There are 2 protein chains.
Amino acid sequence: MAKKQPDSCGLGPAFQVIGGKWKALILWLIHTEPRRFGELKRLVPDISEKMLIQQLREMEADGLVHRKMFHEVPPRVEYSATALGVSLDDALIPLAEWGKTYGDVIAARRQAAE
Amino acid sequence: MAKKQPDSCGLGPAFQVIGGKWKALILWLIHTEPRRFGELKRLVPDISEKMLIQQLREMEADGLVHRKMFHEVPPRVEYSATALGVSLDDALIPLAEWGKTYGDVIAARRQAAE
DNA sequence: CTCAATACTTACGATCAGGTTAGTACCTTA
DNA sequence: TAAGGTACTAACCTGATCGTAAGTATTGAG
């Protein structure tokens with residue numbers, strides 16, 4: 001679970017639910033279409049299975065993600081974003097835009113400072 | 001320094017510069033008017049001096065914050081947001097709005113799950 | 001009768017963000 | 001002469017976060 005965040009201006013709760021290394025990326029991947037567990041694993045090759053489930057479970061507990069299991073012969077589970085999850089994803093768009101615009105500047109600056 | 005973030009959709013760089021427990025709050029406090037070190041300390045009473053300087057230095061290195069020192073008798077330093085810092089702050093507004101809107105829902109949900 | 005595929009679960013260890021406490025140098029005021 | 005305000009700096013420690021590697025249950029294919 002994410003760290004305690006001080007709160008003024010409402011960013012605290014937001015960072016609590018979306019903070020960490022993987023959650024934003026996972027939410028992004030499921031925010032339009034449902035994805036299976038193994039599908040997500042393939043889409044995010046650097047994540048371990050443990051982390052993937054852990055993050056999905058936490059997001060499910062926070063109401064951002066819906067989990068639907070099919071009782072089939074090879075087990076099958078689909079994860080999708082809830083309305084709350086989609087709203088959060090929308091709120092992240094400007095930040096993503098900022099990153100796309102200034103990411104290179106930041107990277108270069110860090111490179112130079114190394 | 002923030003954790004390595006995987007990047008697609010541009011959120012990686014953004015989280016790198018604004019991630020962590022204090023940076024967003026600090027940026028918020030200086031994004032309109034310059035603030036002195038001690039002023040920030042008073043405004044964020046729970047932060048330790050070490051963390052405050054550390055975060056300010058990192059944000060300065062990332063070009064979000066400008067540091068101006070006055071060579072005066074009691075030393076004096078003012079921190080202010082650069083144009084880049086202000087643009088990042090703007091990009092955070094929708095996320096802050098989301099937090100203000102759904103923060104209570106999340107908190108209640110976590111309370112219930114405890 | 002073993003093997004592969006699915007979606008997990010568990011145990012352990014490493015790493016890193018964050019916190020605590022103390023100390024620095026400068027000058028002013030009492 | 002001692003205390004206090006300013007803006008730091010440094011050493012050390014804890015605990016959350018993240019990663020690695022292995023094991024689980026089910027069933028169908030070969």
Side-chain angles (χ1 to χ4, degrees), chain A residues 1-7 11-12 15-26 29-30 34-62 65-80 110 114, chain B residues 1-7 12 15-27 29-30 34-62 65-80 110 114:
Chain A
M1 195 83 40
K3 216 150 297 181
K4 258 178 262 171
Q5 288 274 145
D7 191 20
L11 279 170
F15 274 65
Q16 267 185 37
V17 297
I18 205 61
K21 189 166 170 181
W22 302 109
K23 284 183 180 173
L25 178 53
I26 296 170
L29 289 171
I30 64 176
R35 307 271 194 182
R36 301 187 52 183
F37 179 83
E39 204 178 351
L40 287 171
K41 223 173 58 180
R42 263 168 265 123
L43 289 168
V44 193
D46 283 348
I47 199 172
S48 67
E49 302 192 339
K50 174 200 156 188
M51 286 313 290
L52 182 51
I53 304 180
Q54 198 177 98
Q55 305 304 303
L56 284 167
R57 288 280 148 85
E58 287 180 13
M59 292 169 91
E60 194 193 352
D62 286 332
V65 163
H66 179 70
R67 179 168 179 272
K68 181 172 184 183
M69 38 179 322
F70 303 80
H71 296 283
E72 291 177 7
V73 186
R76 177 180 156 167
V77 183
E78 277 185 359
Y79 295 92
S80 52
R110 294 202 165 183
E114 115 223 10
Chain B
M1 194 86 38
K3 217 149 297 180
K4 257 178 262 172
Q5 288 275 146
D7 191 20
F15 273 65
Q16 269 185 36
V17 297
I18 206 60
K21 190 166 171 182
W22 303 109
K23 285 185 180 173
L25 178 53
I26 295 171
L27 186 59
L29 290 171
I30 63 176
R35 305 271 194 182
R36 301 187 53 180
F37 178 83
E39 204 178 351
L40 287 170
K41 223 173 60 179
R42 263 169 265 123
L43 289 167
V44 194
D46 284 348
I47 199 173
S48 66
E49 302 193 340
K50 173 200 158 190
M51 286 313 290
L52 183 51
I53 303 181
Q54 199 177 97
Q55 306 303 303
L56 284 168
R57 287 280 147 85
E58 287 179 15
M59 293 169 90
E60 193 192 353
D62 286 332
V65 163
H66 178 73
R67 178 167 179 274
K68 182 172 184 185
M69 38 179 322
F70 303 79
H71 297 283
E72 291 176 7
V73 186
R76 175 180 160 167
V77 182
E78 277 186 358
Y79 295 93
S80 52
R110 295 203 163 181
E114 116 224 9

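Below, chain A is the first sequence line, B the second, and so on; all start at residue 1. Note that this is a predicted model, so its numbers are computed, not measured.
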Problem set entry | With B:Lys41 via salt bridge (Lys or Arg N to Asp or Glu O under 4.0 Å) - residues at least two apart | B:Glu49
Problem set entry | salt bridge (Lys or Arg N to Asp or Glu O under 4.0 Å) involving B:Arg67 - partner list, sequence neighbours excluded | none
If every non-hydrogen atom of [X] is compared with every non-hydrogen atom of [Y], which pair is closest and at what distance?
X	Y	answer
B:Lys23	B:Ile18	CB-O, 3.8 Å
A:Leu56	A:Ile26	CD2-CG2, 3.8 Å
A:Trp22	A:Val44	CZ3-CG1, 3.6 Å
B:Arg35	B:Leu29	NE-O, 2.9 Å

Return no unless some side-chain N or O of [X] is found under 4.0 Å from OP1 or OP2 of [N].
X	N	answer
A:Arg36	C:dA7	yes
A:Arg67	C:dC8	yes
A:Arg76	C:dA5	no

Exercise. To the nearest 10 degrees, what angle separates the axes at the start and end of the helix from C:dC1-D:dG30 to C:dA30-D:dT1, five pairs each?
Worked result: 30°
If I take atom [atom1] in residue [X] and atom [atom2] in nucleotide [N], what distance separates them, rounded to the nearest angstrom?
X	N	atom1	atom2	value
B:Phe37	D:dG5	CZ	C1'	13 Å
A:Leu40	C:dA7	CG	C1'	12 Å
A:His71	C:dC8	NE2	C1'	15 Å
A:Arg35	C:dA7	CZ	C1'	18 Å
A:Leu52	C:dT6	CG	C1'	14 Å
A:Glu58	D:dA16	CD	P	13 Å
A:Leu56	C:dT9	CG	P	11 Å
A:Ile47	D:dT17	CD1	C1'	13 Å

For this session: With sequence neighbours left out, write down each residue that passes side chain to side chain contact (heavy atoms under 4.5 Å, CB included) with A:Arg36, or none if nothing qualifies.
Result: A:Glu39, A:Arg76, A:Glu78
Exercise. For A:Ile53, what residues pass the side chain to side chain contact (heavy atoms under 4.5 Å, CB included) criterion, not counting sequence neighbours?
Worked result: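 Result, side chain to side chain contact (heavy atoms under 4.5 Å, CB included) vs A:Ile53: A:Phe37, A:Arg57.
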Exercise. Are any of the side-chain heavy atoms of B:Lys68 and B:Val77 separated by less than 4.5 Å?
Worked result: no
For this session: Go along nucleotides 20-30 of chain C 5' to 3' and tag each nucleotide: B for a protein heavy atom under 4.0 Å from its base, S when only backbone or sugar atoms are that close, - otherwise.
Result: B------SS--
Exercise. Using a cut-off of 4.0 Å on non-hydrogen atoms, how would the nucleic acid contact of B:Tyr79 be classed: base, sugar-phosphate, or nothing?
Worked result: sugar-phosphate
Exercise. With respect to the side chain of B:Arg57, which nucleotide from C:dG18, D:dC8, C:dT6 is positioned closest?
Worked result: D:dC8
